[in-house]
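Bear in mind that the values here come from a model prediction, so they are computed numbers and not experimental data. The analysis underlying the following values was restricted to heavy atoms, covering all of them including side chains, and did not include hydrogens, waters or symmetry mates.
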Amino acid sequence: MSVRVRFAPSPTGYLHIGGARTALFNWLFAQHHGGQFILRIEDTDQKRTIPGAMDDIMDSLRWLGITWDEGPDVGGDYGPYIQSERVELYQKWAQWLLDNGHAYKCFATAEELDKMRAYQKANNLPLGYDRRYRDTPADEVARLEAEGRPYVIRFKMPLDGQTVLPDVIRGDITFDNDQLNDLVLLKADGFPTYHLANVIDDHFMKITHIMRADEWINTGPLHVNIYNAFGWDHPVYAHLPVVLSPSGKGKLSKRDQAFQEDGQQILVQVKEFRKAGFLNKAVVNFLTNVGWSFGDDREQFTPEESIPRFKMADINPAPTKLPYSKLFWLNSQYLNTMDETALAQALRPYLDDAGYEINMDALITIVPALKPRLKTFPDALEFLQFLDDDAAEPLTIDHLQHKKMPLENAKPAFEQTYELLKTIEPFALDTIQEKMFALGEQSTLNSKAGPYLGTLRFAITRQKVSPPLFESIIVLGRAHTLNRLEQALALFNETD
RNA sequence: GCCCCAUUCGUCUAGUGGCCUAGGACGUAGCCCUCUCAAGGCUAAAACAGGGGUUCGAGUCCCCUAUGGGGCACCA
């Protein structure tokens, strides 16, 4: 039998990084076995569904390269793949459970249940539905129904014994049935809860393995019992460790929008990672390393490389914080493998937004210098700040000399450099570099170009931190470079 | 309160009873390189939560405690 897995998000928010990890692991597992990966939308909570969430989920998955074989947009043999379009099916099977004594109608109102819970809390009693309608006689049920009282359908959990939830990652998990309660299967509005819809869909969609977040462990016994009631085999379960918030306590929530101690922003939604300038393959690599490891002490790899190695049982069961600093590192590694043109094109939109006008040739010239300095695309902006005259740091005579290039050497060096850059043809990286190095070696006491290049770099870029001198000159252009040099020459003259 | 899950350097992890003097990576620090900042190279500090067992031998198995997390919804 071929492996079939699913990712089943509810469209109550945009795709979350934790959800993406779950999707990714399912996808890797499916690829490993040459099976199918199904996308199913669980929109049974009408109130919480957000317009646009489903599109965002699909866009984000596609961006990550997680493709599905069956789903709402591509169809498949077991559709529809949106639960709100399958309501009749759930109702039919809820009725079957009712008819076969595995479920019952509960007429308790929301207020009534709130009161019950408040009482339980106040008296330190076990929390949860007290089964007040489980044994209501049939004629009484009929009477309440005839009155038009709204009701839900609840599952009749076994009252004693144990239920075992086998989990590939953690081994068998055993629950005492007297700890479990009768959860709702079908809500008063006729929509199913997760528990019912999930079991029915997984069964009819022939899902073989379920990999889901570990917050589902506690409802696992319910699901096992529902499968038993139907007389169906349940899929193989694997509960993935939760993703914790890096700063505070608790799990990383969709709303987490803070900064962690070191000042790095906590990105949560996939689209935020995208917008912040991360490469999809870096994000995928990063996520694959959280809760699973490649082995052989390797951190960097592609899905093609991890798929043959990906085994469900190797997943680490411990909860985890996302190591964001590794994402920055990985991103810079991947950035470094991009060719000049591709990187220049990727940078373009960020530069346009910031109002930097740089022609493509100049940009391609400086890209190799930028490359090792970037962790993400937007980092380029701070290295190109030298283009902006308003950002120029104040220039003093001290900036123009060096102990290996005192004033009497510096002044002629600057003057010659000015003449050189004014007349050099072509105004290109290699020619400028060659001439300036030669000039630099003649101008210093130690015959090394270093001191000369350093002082010029500051005089021309007017930034303590900038890209290397020659690339900066090219991007700045001849006129602008000469203009900056004139300011330096003026300082020399004032000092005379 | 009850139930369930987890616990190796700051963080992500390797480790499935002897190969562990606990390995790698990020981050941090230092050095080298160097026109600044990076990148790159080298080096360093840094962990088996605690206590009991089992065993010739325990990071690895069992129990207890502690801590963290999850659940106890007509949310998923």
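- For A:Y418, the side chain to side chain donor-acceptor pair (under 3.5 Å) test picks out A:E486, with sequence neighbours left out.
- Among pairs with a residue in residues 433-444 of chain A, those fulfilling side chain to side chain donor-acceptor pair (under 3.5 Å) read A:T444-A:N446, at least two apart in sequence or across chains.
- Across all strands shown, B:rU16 forms no Watson-Crick or G-U wobble pair with both key distances under 3.5 Å.
- Of the residues in residues 428-439 of chain A, none has a non-hydrogen atom less than 4.0 angstrom from any atom of RNA chain B.
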Inset, instruction - Give the B/S/- string for nucleotides 21-26 of chain B, one per nucleotide from 5' to 3', where a protein heavy atom under 4.0 Å of the base yields B, of only the sugar-phosphate yields S, and otherwise -. - result: --BBBS
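- Ring planes of A:F278 and A:F273: tilted class, angle from 30 to 60°.
- By the ring-ring contact (aromatic ring centres under 6.0 Å, His included) test, A:H102 is found to be paired with no residue, residues two or more places apart in sequence or in another chain being considered.
- Taking the ring-ring contact (aromatic ring centres under 6.0 Å, His included) definition, one finds that A:Y151 meets it with A:F107, sequence neighbours left out.
- Listed by residue number, A:R117, A:N124, A:L127, A:G128 are the residues of residues 114-132 of chain A with a heavy-atom contact under 4.0 Å to RNA chain B.
- Looking at every heavy atom in both residues, A:N198 comes nearest to A:R40 through ND2-NH2, 3.3 Å.
- In this structure, A:W216 and A:N289 both approach RNA chain B, and ranking their closest nucleotides by distance from the 5' end singles out A:N289.
- Scanning for side chain to side chain donor-acceptor pair (under 3.5 Å) contacts around A:R149 gives an empty result, with sequence neighbours left out.
- With sequence neighbours excluded, the residues forming a ring-ring contact (aromatic ring centres under 6.0 Å, His included) with A:F414 are A:F492, listed by chain and number.
- The side chain of A:K187 places an N or O atom within less than 4.0 Å of a non-bridging phosphate oxygen (OP1 or OP2) of B:rA76.
- A:D388 meets the side chain to side chain donor-acceptor pair (under 3.5 Å) test with no other residue; sequence neighbours excluded.
- If you check every strand for non-hydrogen atoms under 4.0 Å, A:F286 touches nothing.
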Under-3.5 Å N/O pairs linking protein and nucleotides 58-66 of chain B:
none

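- For A:W329, the ring-ring contact (aromatic ring centres under 6.0 Å, His included) criterion is met by no residue, not counting sequence neighbours.
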